[in-house]
Engineer: 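This is the structure I want to talk about, given as structure tokens.
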Amino acid sequence: MSEIDAAVAGGRTWEEFGRGAAGEQGDESISEESRRVLTFEVDATAYAVAVERVREIVRIRPITPVPRVSRDVRGIISLRGEIVEVVDLRRRLGLDSIDPIRSTRIIVVSAEDGRVAGLLVDAVHEVLSIEEDSIRAAAGGETESVESLCTHGDRFISLIDLDRILRIDADG
Amino acid sequence: MAKKRPTRRNRNAKADREFVSEAEEILERMRADLADLGDQRTTSGNVDPELVNGLFRSAHSLKALAGMFGFEPIQDLAHRVEDLLDGLRLGRVALDARALDLIDDVVNLFGELLLNVGDVSALSGAGDRIAGLIARIEGGEGEVAAEPDEFSGLDIDPSLLRALTEYEEHRLRENLQRGRHIVLVESLFEIVSFEDGLSELSAAIREIGEVLSTLPAPGETPESQIRFSLLSATDLSINELSSRLNFPHVSVRSVLRGRSLDAGATAGGAAPPSEAREVDAPAESGAKTMQSLRSISDTVRVDIRKLDELMNLVGDLVIQRGAIGGVLTQLLGSPENSRIAADLTKTCKALDRNIKGLQAAVLDVRMVPLRQVFEKVSRVLRGLRRELDKDVQLEIRGADTELDKLIVEELVDPLMHIVRNALDHAIESPAERIERGKDPTGRIRIEAFQRGNHVVIAVGDDGRGIDVAAVRAKAEAAGLVDSDETLSEQQTLDLVFSPGISSRDQVTATSGRGVGMDVVRSNVTALGGVVDVSSVPGHGTEISMVLPITLAIIQSLIVRVDRQPFAIPLNAVLETLIVDAADVQRSDDREMLNLRGEALFLRRLAVEFDLAPAAAGPKLFVVVLGMGELRVGLVVDALEGQRDTVIKPIQGPVQNLRGIAGATDLGGQEPVLVLDVAALVDEVGRRREAA
């Protein structure tokens with residue numbers, strides 16, 4: 001069980017978890033040369049999103065499909081009374097959708113205008129501090145939704161361009 | 001001189017908001033009083049002193065408020081206006097058009113300053129204008145000099161006269177000028193209970209006149225009693241007054257020399273008691289500062305979002321109660337638990353009552369009377385009347401009708417637009433009206449009343465009416481209808497709600513070029529309402545809006561298509577039908593029903609929403625939806641009954657979900673989509689037009 005799974009399973013909110021993590025490292029350690037990201041998995045590929053944009057992580061729950069909308073939008077969920085659209089990141093990245101698996105999670109993120117959206121991912125991993133100098137621009141790469149690539153140890157992690165991901169044409 | 005630098009640079013934004021919302025309320029009140037004052041001055045010439053007093057108190061409150069929050073420029077200006085108003089209410093300054101304009105300008109500047117609260121540079125930039133206004137205020141004082149021996153004609157103990165405050169003296173003078181009877185009402189009260197007795201007596205006098213001053217009276221009194229004199233003014237004769245003041249130990253005498261006790265000649269006849277407005281106001285003496293303090297604190301200001309939150313919680317409570325009901329049904333099904341189930345049922349009944357009560361109470365808090373909106377509209381109208389040089393009387397009825405605050409907010413613009421249109425396009429110029437044999441003064445009537453779960457707001461005028469032929473021509477020119485298409489008169493009238501149609505060619509600054517009526521309709525339908533128009537050429541137009549009382553909790557019909565539930569707001573549902581599949585007729589590729597002689601076009605929700613269509617059965621479930629004139633039959637797989645629903649907005653990357661108004665929780669884990677009936681019906685209408 002990963003740290004975040006433990007946090008979710010143990011009923012700690014994402015905010016508490018984030019604070020805890022920040023506290024352990026000490027806020028000062030977040031220097032200008034590094035940034036904190038949440039890593040997650042889609043189709044056996046590691047992706048990451050800036051932690052500031054993450055509001056919470058929730059387990060998969062019943063999703064109400066929405067008609068007449070881009071297939072990238074899987075549907076809507078209720079978050080303690082708030083109704084939020086869930087973007088199927090597999091479809092958004094040009095992959096085939098799958099039925100939820102045990103590790104499937106919804107990452108609830110804030111768009112640039114403050115609106116909230118859910119991202120359906122195969123699994124959530126961990127919060128990492130990544131060095132700025134390990135980040136390379138995605139060289140005209142696989143998809144325009146990836147902003148840049150970074151290396152963590154011997155692994156590559158794709159940093160997603162969240163605002164681009166969340167710009168979806170209504171009709172798709 | 002008012003160019004002081006604002007004290008704090010980093011103002012607390014929350015404090016700013018608090019200040020602005022309270023100050024806006026005060027300004028709102030001032031604008032309303034000012035407008036009434038202007039009306040009274042021009043129509044009857046007699047001005048209700050309570051209006052001037054009200055304005056004075058408002059300026060005072062504003063000054064105090066600005067001081068509290070450290071807004072010195074606003075405080076300075078408020079202080080000067082307070083002085084000016086004090087002069088007005090004491091009769092030191094003449095209440096003329098100049099004074100009213102001046103106060104009007106000041107109030108408007110306040111409004112502008114409020115918009116820029118927190119913007120230090122804007123506030124100090126307004127310094128020159130503030131200084132200018134203050135100079136105007138100072139330039140106008142001392143115009144009316146008090147005549148020296150004006151009260152010599154009064155048969156009053158000089159000591160009593162000397163005890164009058166400047167304001168009371170002014171009121172006495174004013175009433176004398178108006179030719180009212182001045183009387184001294186004396187009464188004995190028990191010391192232990194004199195306050196109640198005195199306020200009762202004062203209230204009784206206010207119903208038929210004005211209490212100028214309340215003073216302890218000299219003279220013999222028993223130990224346990226106290227005597228008061230109420231110097232009062234009235235249009236009634238002494239006899240009438242005495243008989244109206246049916247209290248023990250009360251004596252009335254006229255203090256106007258030269259008038260006999262039973263002077264039957266009543267000045268001005270049976271004038272309505274115009275001073276009787278604030279019967280519950282405490283006696284004049286010395287309580288004024290207290291009053292102004294109290295007026296701020298007797299209500300609680302609540303952010304509407306907090307009420308939304310409360311409403312959501314209540315909504316969730318209702319849903320959870322529904323879930324308990326489900327468990328209860330299971331319990332009732334098993335014999336060994338039947339006793340517990342019976343007990344639980346009783347408890348749930350009590351819970352239901354409380355939840356209902358709570359729901360009603362929260363809804364009630366959200367309700368506000370339409371008065372404020374109507375006052376805003378009438379204020380704008382007064383301004384326009386001058387601008388457009390049209391003579392119009394505005395008649396308002398049902399201002400106490402209450403609506404959800406959110407709806408009221410959304411209503412201001414559409415209502416304003418309708419009224420502007422009436423004034424600008426419908427009401428003819430005075431000359432034209434005379435020519436047509438009409439009263440040169442036009443009439444615009446705004447009326448609100450409740451009808452079931454809806455509120456109807458109608459705006460009527462007695463103007464020229466809508467020229468149906470011109471509307472038709474415009475619509476043809478705009479390509480909205482074909483020249484060979486037959487439309488009923490009502491159908492043609494309804495075209496005024498289409499984009500680009502205006503009943504007159506003339507473009508004015510007031511109404512613009514026909515933009516608006518289509519916006520009015522879309523605004524009203526967005527609120528779940530309906531807008532209709534009727535018009536009689538030469539006699540007038542009426543536009544009526546029917547709105548739900550609240551948006552917070554609405555009744556919905558739950559339907560099912562492809563096993564997925566959908567909620568349809570009940571206010572759009574005209575009826576539900578179960579019809580034989582064989583009764584469905586076809587025309588081109590469209591399905592329709594013969595519903596009492598009219599063609600009802602059908603749309604299958606499964607097709608509209610690209611869901612799996614149900615296996616063709618012998619019966620069809622049809623929900624008849626209506627929006628204005630349009631009717632559509634929506635075919636669904638199943639009807640599941642009515643539920644209370646709280647419609648919530650959907651957040652996410654896709655903003656405009658077509659055909660979906662929002663979502664609601666029905667107790668299950670997944671949210672249920674709420675259909676946007678207006679959009680669905682509109683789509684069908686459009687398709688019909690396109691066909």
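Sequence lines set the chain letters: A, B, ... in the order given, protein chains first and strands last, and positions in each chain run from 1. Here the structure is a predicted model, which is why all the values come from computation and not from measurement.
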Engineer: Between A:Val87 and chain B, which part of the residue has a heavy atom less than 4.5 Å away: side chain, backbone, both or neither?
Structural biologist: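 It is the side chain, since no backbone atom gets that close.
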
Engineer: Quick check on A:Val73 against chain B: is it the side chain, the backbone, both or neither that has a heavy atom closer than 4.5 Å?
Structural biologist: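 For A:Val73, side-chain heavy atoms alone lie under 4.5 Å from chain B.
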
Engineer: With respect to chain A, which residue among B:Gly652, B:Gly659, B:Ala663 yields the maximal number of heavy-atom pairs within a distance under 4.5 Å?
Structural biologist: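 Most pairs with chain A among the choices: B:Gly652.
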
Engineer: A:Arg105 side chain to A:Val124 main-chain N or O, any donor-acceptor pair under 3.5 Å?
Structural biologist: no

Engineer: The test is side chain to side chain donor-acceptor pair (under 3.5 Å); show your working for A:Arg74 and A:Ser97 and say whether it passes.
Structural biologist: CA-CA 9 Å; A:Arg74 180 94 169 209; A:Ser97 182; 2.8 Å; yes

Engineer: Among A:Val84, A:Ile83, A:Val86, which has the most heavy-atom pairs under 4.5 Å with chain B?
Structural biologist: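 Among A:Val84, A:Ile83, A:Val86, the one with the most close pairs to chain B is A:Ile83.
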
Engineer: Could you tell me which portion of A:Leu166 (side chain, backbone, both or neither) has an atom closer than 4.5 angstrom to a non-hydrogen atom of chain B?
Structural biologist: both

Engineer: Parallel, tilted or perpendicular, judged at 30° and 60°: which one describes the rings of A:Phe40 and A:Tyr47?
Structural biologist: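 If you compare the ring of A:Phe40 with that of A:Tyr47, the planes turn out parallel.
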
Engineer: Please classify the contact of B:Ile650 with chain A as side chain, backbone, both or neither, using a heavy-atom distance under 4.5 Å.
Structural biologist: both

Engineer: To the closest 0.5 Å, what do you measure between CG (A:Leu93) and CG (A:Asp43)?
Structural biologist: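 Result: 9.0 Å between the selected atoms.
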
Engineer: When you check the side-chain N and O atoms of B:Thr645 and B:Ser556, is any donor under 3.5 Å from an acceptor?
Structural biologist: yes

Engineer: Output the option from A:Glu82, A:Arg61, A:Glu85 having the highest count of non-hydrogen pairs under 4.5 Å with chain B.
Structural biologist: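 Ranked by heavy-atom pairs under 4.5 Å with chain B, first place is A:Glu85.
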
Engineer: To the nearest 0.5 Å, tell me how far B:Leu634 CG sits from B:Leu625 CG.
Structural biologist: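 So the CG of B:Leu634 and the CG of B:Leu625 are separated by 5.5 Å.
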
